Colleague: 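I have a structure I would like to understand better, so I am pasting it below and will then ask my questions one at a time.
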Amino acid sequence: MPSMHETEPRTHILPGSFFARDTVTVAHGLLGKILVSRRGDTVTGGRIVETEAYLGTHDPGSHAATKGITGRNAVMYGPPGRAYVYFTYGNHHMLNVVTEPEGIAGAVLVRALEPLFGVDAMMRRRASRAAGARLRERDLANGPGKLAAALGIDLADNGSVLGTGTLAVHDAPDPTEPVATSGRVGLSDGHELELRFYLEGNPYVSKGRVGPRPARTRS
DNA sequence: CGCACGATGCGCT
DNA sequence: GCGCATCGTGCGA
């Protein structure tokens with residue numbers, strides 16, 4: 001049973017052509033694939049169990065909605081197969097994979113991983129953010145902010161080419177779990193579109209709630 | 001268990 | 001200034 005001591009997957013890195021397709025196809029196709037982060041000697045990663053598709057100018061939930069190219073979203077319009085990382089809520093980084101041919105905006109948010117590699121390192125990175133609390137393995141990367149923290153991802157990864165540097169997606173057999181679809185999590189606009197994909201019954205899927213973001217009351 | 005809320009910093013109007 | 005592709009904690013059931 002090699003999994004306990006495995007430090008990196010033996011499978012092939014996905015080619016750029018995998019990402020140069022329509023965003024929904026890529027979001028669906030990434031389920032079950034293996035995301036790997038390499039920071040020096042530290043290798044962490046796991047199986048992708050939840051994704052969301054973010055489309056171009058006609059998608060009200062996308063950073064590319066109506067605004068055109070800005071400093072933040074420019075990577076979404078660039079070549080496919082790169083990481084689009086942004087910072088939000090003052091605390092959290094989000095990892096996306098750029099899709100569609102160059103010039104067309106699109107990205108897939110990777111929302112949850114089933115941890116496979118470097119579990120101890122992921123625990124350490126996550127513990128620094130949640131001091132004191134005991135962390136279950138199923139809570140290591142069951143949400144996009146947790147996933148980025150566990151893999152050590154920050155803005156330095158924005159625009160990096162997947163498979164050539166510190167981040168890569170490896171091929172894997174098609175998942176045995178059925179793929180379920182729902183509205184996207186945490187959006188005020190565009191949550192009604194069925195663009196979230198996850199492996200039904202997998203315990204590492206996030207518990208984020210689907211629907212309109214509740215209005216925040218101010219004091 | 002579920003729901004409610006504050007933290008926190010940057011992009012955009 | 002406002003809002004955000006979130007998270008952890010606190011509190012009640």
Side-chain angles (χ1 to χ4, degrees), chain A residues 23-24 26-28 30-31 35 48-77 82-100 105-113 115 122-159 181-198 203-219:
Chain A
T23 305
V24 169
V26 176
H28 199 281
L30 279 172
L31 293 173
L35 174 63
I48 297 170
V49 298
E50 178 179 350
T51 60
E52 282 178 356
Y54 286 89
L55 313 181
T57 54
H58 57 288
D59 175 4
S62 171
H63 288 169
T66 65
K67 299 168 196 154
I69 300 178
T70 69
R72 179 167 71 162
N73 69 18
V75 174
M76 285 185 75
Y77 290 84
R82 294 190 178 184
Y84 169 45
V85 179
Y86 66 91
F87 181 77
T88 190
Y89 289 109
N91 288 299
H92 304 292
H93 296 279
M94 303 283 131
L95 172 67
N96 298 250
V97 171
V98 176
T99 59
E100 307 278 356
V108 173
L109 173 67
V110 186
R111 286 191 55 89
L113 290 186
M122 289 194 278
M123 285 276 183
R124 271 181 262 116
R125 287 178 179 141
R126 290 271 292 119
S128 67
R129 296 206 160 207
R134 267 190 312 219
L135 200 51
R136 296 178 302 179
E137 188 162 320
R138 62 185 298 174
D139 294 322
L140 267 184
N142 61 342
K146 301 176 195 176
L147 184 155
L151 297 187
I153 290 168
D154 60 23
L155 288 179
D157 295 293
N158 189 36
T181 305
S182 82
R184 291 174 293 186
V185 172
L187 300 190
S188 52
D189 289 330
H191 60 270
E192 69 286 354
L193 300 173
E194 296 273 313
L195 293 175
R196 175 177 177 242
F197 306 95
Y198 60 96
Y204 299 93
V205 171
S206 82
K207 292 155 193 70
R209 305 205 40 160
V210 174
R213 207 167 60 85
R216 213 76 63 90
T217 56
R218 293 188 60 79
S219 55

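The sequence lines fix the lettering, A, B, ..., with proteins before strands; numbering per chain opens at 1. Remember, predicted model here, so these are calculated numbers, not experimental data.
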Colleague: Considering only side-chain heavy atoms of A:V185, which listed nucleotide, C:dG8, C:dA5, C:dT6, is closest?
Modeller: C:dT6
Colleague: Nucleotides 2-4 of chain B: which of its N/O atoms have a protein N/O under 3.5 Å away?
Modeller:
{"unit_1": "B:dC3", "atom_1": "OP2", "unit_2": "A:R209", "atom_2": "NH1", "d": "2.3"}

Colleague: Could you tell me how far apart A:N91 (CG) and C:dT9 (P) are, to the nearest whole angstrom?
Modeller: 13 Å
Colleague: Roughly how many Å is it from NZ in A:K146 to P in C:dA5, rounded to a whole number?
Modeller: 18 Å
Colleague: Taking A:N158 for its side chain and A:L155 for its backbone only, find out whether a donor-acceptor pair lies under 3.5 Å.
Modeller: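 The answer is no, because no donor-acceptor pair under 3.5 Å joins these two groups.
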Colleague: Quick one: does any side-chain atom of A:R196 pair with a main-chain N or O of A:V185 as donor and acceptor, under 3.5 Å?
Modeller: no
Colleague: For A:Y54 and C:dA5, say yes or no: do the ring centres fall under 5.5 Å of each other while the ring planes differ by less than 30°?
Modeller: yes
Colleague: Using atom types as modelled and distance alone, determine if a side-chain donor or acceptor of A:D139 lies under 3.5 Å from a backbone N or O of A:L135.
Modeller: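 No: the side chain of A:D139 does not pair with the backbone of A:L135.
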Colleague: With a 4.0 Å cutoff (strictly under), does any side-chain N or O of A:R111 reach OP1 or OP2 of C:dT6?
Modeller: yes
Colleague: Any base atoms under 4.0 Å from A:G61, or only sugar-phosphate, or nothing? Heavy atoms, all strands.
Modeller: base
Colleague: Under 3.5 Å, is there a donor-acceptor pair between the side chain of A:R126 and the main chain of A:L140?
Modeller: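 Side chain of A:R126 to backbone of A:L140, a donor-acceptor pair under 3.5 Å: yes, one is there.
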Colleague: Take the protein atom CG of A:N142 and the nucleotide atom C1' of C:dG8, then report the distance between them rounded to whole Å.
Modeller: 12 Å
Colleague: What is the separation between atom CZ on A:R136 and atom C1' on B:dC1, rounded to the nearest whole Å?
Modeller: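 The answer, rounded to whole Å, is 12 Å.
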Colleague: Is a donor on one side and an acceptor on the other found under 3.5 Å between the side chain of A:D189 and the backbone of A:P60?
Modeller: no
Colleague: Round to a whole Å and report the spacing from NE2 of A:H92 to C1' of C:dG8.
Modeller: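 One finds 8 Å between C1' of C:dG8 and NE2 of A:H92, rounded.
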Colleague: If you define the side chain from C-beta out and look only at heavy atoms, does anything of A:R111 sit under 4.5 Å from A:L147?
Modeller: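 SC-SC contact between A:R111 and A:L147 ruled out.
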Colleague: Stems involving DNA chain B: give each as a range paired with a range, ordered by first number, where a stem means at least three consecutive Watson-Crick or G-U wobble pairs under 3.5 Å.
Modeller: B:1-7 with C:6-12, B:9-12 with C:1-4
Colleague: With respect to the phosphate group of C:dC7, does any side-chain polar atom (N or O) of A:K207 fall under 4.0 Å of OP1 or OP2?
Modeller: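 So the side-chain polar atoms of A:K207 never come under 4.0 Å of the phosphate oxygens OP1 or OP2 of C:dC7.
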Colleague: Nearest to the side chain of A:R126, heavy atoms from C-beta on, is which of C:dG8, C:dT6, B:dG9?
Modeller: C:dG8
Colleague: Round to a whole Å and report the spacing from CD1 of A:I153 to P of C:dA5.
Modeller: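 In whole Å, C:dA5 P and A:I153 CD1 are 18 Å from each other.
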Colleague: When rounded to the nearest 0.5 angstrom, what distance separates CD in A:E137 from CE in A:M123?
Modeller: 5.5 Å
Colleague: Ignoring hydrogens and geometry, is there a side-chain-to-backbone donor-acceptor pair from A:D59 to A:G56 under 3.5 Å?
Modeller: no
Colleague: Quick one: the side chain of A:Y86 and the base of C:dA5, do they pair up donor-acceptor inside 3.5 Å?
Modeller: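 In this structure, the two groups form a donor-acceptor pair.
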Colleague: To the side chain of A:F87, which of C:dT6, C:dA5, B:dG9 is closest?
Modeller: B:dG9
Colleague: For the pair made of CG in A:L187 and C1' in C:dG3, what is the distance, rounded to whole Å?
Modeller: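 The distance from CG of A:L187 to C1' of C:dG3 comes to 13 Å, rounded to the nearest Å.
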Colleague: Out of curiosity, A:L109 CG to A:E52 CD, how far, rounded to the nearest 0.5 Å?
Modeller: 5.5 Å
Colleague: Mind listing the N/O atom pairs, protein and nucleotides 11-13 of chain B, below 3.5 Å?
Modeller:
{"unit_1": "B:dC12", "atom_1": "OP1", "unit_2": "A:T70", "atom_2": "OG1", "d": "2.4"}

Colleague: For the backbone of A:Y54 and the side chain of A:S62, can you confirm whether one donor and one acceptor N or O come within less than 3.5 Å of each other?
Modeller: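 No, A:S62 side chain to A:Y54 backbone: no donor-acceptor pair under 3.5 Å.
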Colleague: Do the rings of A:Y86 and A:Y84 sit parallel, tilted or perpendicular, given the 30° and 60° boundaries?
Modeller: tilted
Colleague: Using modelled atom types and a 3.5 Å cut-off, is there a donor and acceptor pairing between side-chain atoms of A:E100 and backbone atoms of A:T23?
Modeller: yes
Colleague: To the nearest Å, how far apart are A:Y89 OH and C:dG8 C1'?
Modeller: 15 Å
